[in-house]
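Reviewing the structure listed below.
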There are 2 protein chains.
Amino acid sequence: MGITERKERERESRREAILDAAQKVFFEKGLSTATVDEIADLAELSKGTIYLYYRSKEDMYLAVILRGEAVMRNMFEKAISTGESTVKLILNIAEAYYAFFKEQRNYFRMFSFFETPQFHKQVSEEMLNQCVAADEKTWSIVVNLISQGVREGILHSHIDPKQFGIIVWATATGIYRQMDTNSEYWHKVMGINLEETLRLSYSLLLESMMTDTAKEEYKGLLRLQ
Amino acid sequence: MGITERKERERESRREAILDAAQKVFFEKGLSTATVDEIADLAELSKGTIYLYYRSKEDMYLAVILRGEAVMRNMFEKAISTGESTVKLILNIAEAYYAFFKEQRNYFRMFSFFETPQFHKQVSEEMLNQCVAADEKTWSIVVNLISQGVREGILHSHIDPKQFGIIVWATATGIYRQMDTNSEYWHKVMGINLEETLRLSYSLLLESMMTDTAKEEYKGLLRLQ
DNA sequence: CATATTTAATGACTAATGGTCATCAAATAA
DNA sequence: TTATTTGATGACCATTAGTCATTAAATATG
């Protein structure tokens, strides 16, 4: 009796089709100005049907965020799958996050939105947990890499990989956010090139994380000032 | 003919009274779930009147943000008005930003909201410019302080005060945001105390910014690891 | 003081929109 | 062939941002 299985597949693919439409609309309009009617139109379904597959507009938004997290994680996994040295992998993953920011701007923006207590209140716990789990997976990639660096003596052993991960992440994200929202302001009014700021912050962080022997060994790779 | 002046004053105080109500409602409910009707009720005015004073709900939200910026700036100005050494003033201002985060959480949350391109689109240019101007004032306090540190030989002369300002700001804000949204997660699941992370990031940044002589001189003040 | 004019405030109204539910149609089971 | 379950629909409801004709009060004018 493969009927239930077929139906389950059909249900899943419809869910995805709805999410395709939702993603397109959210990318164009953002959460508050996107309308469920427009999503339904684009998906060529009635509004009622949308609500058979998702509890609310906010839940759909989170489902799209979940996709973005998968995209980012794939980029990260690719970045560390090259079999290179740990220092190079750290640089790769930093580059991958920057590439994600540049190439997947829409997802990046949705992430910022997600990071507010207000939004958490408007969303089903179920979806929220899924997102947290996805976040955790990506996060563990970063922390494992730092831990590996510590084990190999490349990074100072007194550092806590998790704490350094948070700091690096917070710094990069904060600078990206400025790039996204106020790049023109920083450039035209303040004469600041934020890419330079980003490079500087990487230098500082690597400088404070890496052991002297590793710095010496990877000098060429790092081009530290 | 003091009538126009009196009327102007009355108009201004009504604007403030409306904003008092708006602030209360926004603090409680956030932008999307707050209603203009509720603001009007609380202000004991009709909804129509509200719209004689503010163009939109979003503009009111920005006006409250503007208040928050003033509060923060006052805290900063107080922090650097003690006539202490520049190193101490830098520590004071870092403390002031943390105090703002802890004591004025509602404003802090609104700030995050403000920092999205989506929101910028929904708001009058007039209000936006006011906010940018307010931001700039606060920003210049920080940058001036760093510049002063460079002039006095306390901070490395090769650093660009603006770029360092951005990095410090981005790091602190990113960590605060984690504290606000995911503190429990970091603590219970990851065993991370974000206050420690914050201290660590300050250490790193000061370590990389300060000259060796200054570090020696202000050892006691800094308690660098 | 009486009347005309300007200004401020109102709240009923509109349009938009998130979400629901009785109804229908198609697939599946009996 | 008929009964039952499942899936989809769109008219409908409630809420809410924003408008505007109307009213009331304040001010200016004669």
Side-chain angles (χ1 to χ4, degrees), chain A residues 1-22 25-26 28-64 113 118-119 121-124 126-127, chain B residues 1-22 25-26 28-64 113 118-119 121-124 126-127:
Chain A
M1 185 67 61
I3 286 177
T4 38
E5 284 80 357
R6 195 205 71 219
K7 286 209 169 178
E8 183 49 42
R9 276 200 312 278
E10 277 172 2
R11 185 175 163 79
E12 204 42 54
S13 84
R14 176 135 294 179
R15 247 182 95 90
E16 284 302 306
I18 290 172
L19 209 56
D20 287 340
V25 176
F26 285 138
E28 266 173 30
K29 310 224 169 165
L31 175 59
S32 62
T33 46
T35 73
V36 178
D37 280 302
E38 198 178 345
I39 293 170
D41 278 359
L42 197 63
E44 293 176 302
L45 289 166
S46 73
K47 183 152 66 168
T49 305
I50 302 292
Y51 283 93
L52 294 176
Y53 289 86
Y54 292 94
R55 276 185 216 214
S56 67
K57 188 168 82 155
E58 283 73 20
D59 257 33
M60 268 187 273
Y61 198 79
L62 252 199
V64 176
F113 216 93
Q118 265 311 315
F119 185 65
K121 281 184 212 154
Q122 295 178 350
V123 126
S124 74
E126 207 180 316
M127 266 294 171
Chain B
M1 185 66 63
I3 286 177
T4 38
E5 285 80 357
R6 195 205 71 218
K7 285 208 171 179
E8 183 50 41
R9 275 199 314 278
E10 277 171 3
R11 186 177 163 78
E12 204 43 53
S13 85
R14 178 134 291 181
R15 247 182 95 91
E16 284 302 306
I18 290 172
L19 209 57
D20 287 340
V25 176
F26 286 139
E28 265 174 31
K29 310 224 169 166
L31 175 59
S32 62
T33 45
T35 74
V36 178
D37 280 302
E38 199 178 345
I39 293 169
D41 278 0
L42 196 62
E44 294 175 299
L45 289 167
S46 73
K47 181 150 68 165
T49 306
I50 302 292
Y51 283 94
L52 294 176
Y53 290 86
Y54 293 94
R55 277 184 216 214
S56 67
K57 189 169 79 154
E58 282 73 20
D59 257 31
M60 266 187 274
Y61 198 80
L62 252 199
V64 176
F113 216 93
Q118 266 310 316
F119 185 65
K121 282 183 211 153
Q122 296 177 351
V123 128
S124 75
E126 206 180 316
M127 265 294 170

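These numbers come from a predicted model, not from an experiment. The sequence lines fix the lettering, A, B, ..., with proteins before strands; numbering per chain opens at 1.
If you check every strand for non-hydrogen atoms under 4.0 Å, B:A34 touches sugar and phosphate atoms only. Among the atoms of the strands shown, none is found under 4.0 Å from any heavy atom of A:R55.
Here the side chain of A:T35 is nearest to one of C:dG19, C:dT17, D:dT27, namely C:dT17. For B:K7, counting side-chain heavy atoms from C-beta on, the closest listed nucleotide (C:dG19, D:dA26, D:dA17) is D:dA26.
Protein atom CD of B:E44 is 17 Å distant from nucleotide atom C1' of C:dG11, rounded to whole Å. One atom, CG of A:D59, and another, C1' of C:dG18, lie 13 Å apart when rounded to the nearest Å. In this entry the distance linking OH of B:Y54 with P of D:dT19 reads 17 Å, nearest Å. Separating the OH atom of A:Y61 from the C1' atom of C:dG18 is a distance of 17 Å, rounded to the nearest angstrom. In this structure, CG of B:D37 is placed 7 Å from P of D:dT16, rounded to the nearest angstrom. What separates CD1 of B:I39 from P of D:dT16 is a distance of 12 Å, to the nearest Å. Going from atom NZ of B:K57 over to atom P of D:dT15 covers 15 Å, rounded to whole Å. Atom CG in A:D41 sits roughly 14 Å away from atom P in C:dA16 (whole-Å rounding).
Between B:Q118 and A:T33, the closest side-chain pair of non-hydrogen atoms falls below 4.5 Å.
Here the shortest heavy-atom pairing between B:L52 and B:R11 reads O-NH2, 3.3 Å. Contact detail for B:L42 and B:V25: the closest heavy-atom pair is CD2-CG2, 4.0 Å. The shortest non-hydrogen separation linking A:I39 to A:A21 is O-CB, 3.7 Å.
Heavy-atom distances under 4.0 Å link DNA chain D to B:K47, B:Y51 of residues 45-53 of chain B, given in residue order.
In this view, B:Y61 and B:F26, B:F113, B:F119 satisfy the ring-ring contact (aromatic ring centres under 6.0 Å, His included) rule, not counting sequence neighbours. Qualifying side-chain hydrogen bond (donor to acceptor under 3.5 Å, both in side chains) partners for A:S32, counting only residues two or more places apart in sequence or in other chains: B:Q122. Partners of A:R15 under the side chain to side chain contact (heavy atoms under 4.5 Å, CB included) rule, at least two apart in sequence or in another chain, are A:E12, A:Y53, A:Y54, A:M127.
Phosphate contact (OP1/OP2 of D:dA8, side-chain N/O of A:R11, threshold under 4.0 Å): absent. Within the 4.0 Å cut-off from OP1 or OP2 of D:dA8, at least one side-chain nitrogen or oxygen of A:R14 is found.
A salt bridge is absent between B:E10 and B:R14; no separation between the charged side-chain nitrogens and carboxylate oxygens falls under 4.0 Å.
The rotation axes computed at either terminus of the helix from C:dC1-D:dG30 to C:dA30-D:dT1 lie 10° apart, taking five pairs at each end and rounding to 10 degrees.
Within the structure, every pair that satisfies the salt bridge (Lys or Arg N to Asp or Glu O under 4.0 Å) test and touches residues 30-46 of chain B, not counting sequence neighbours, is listed here: B:K29-B:E38, B:D37-B:K47.
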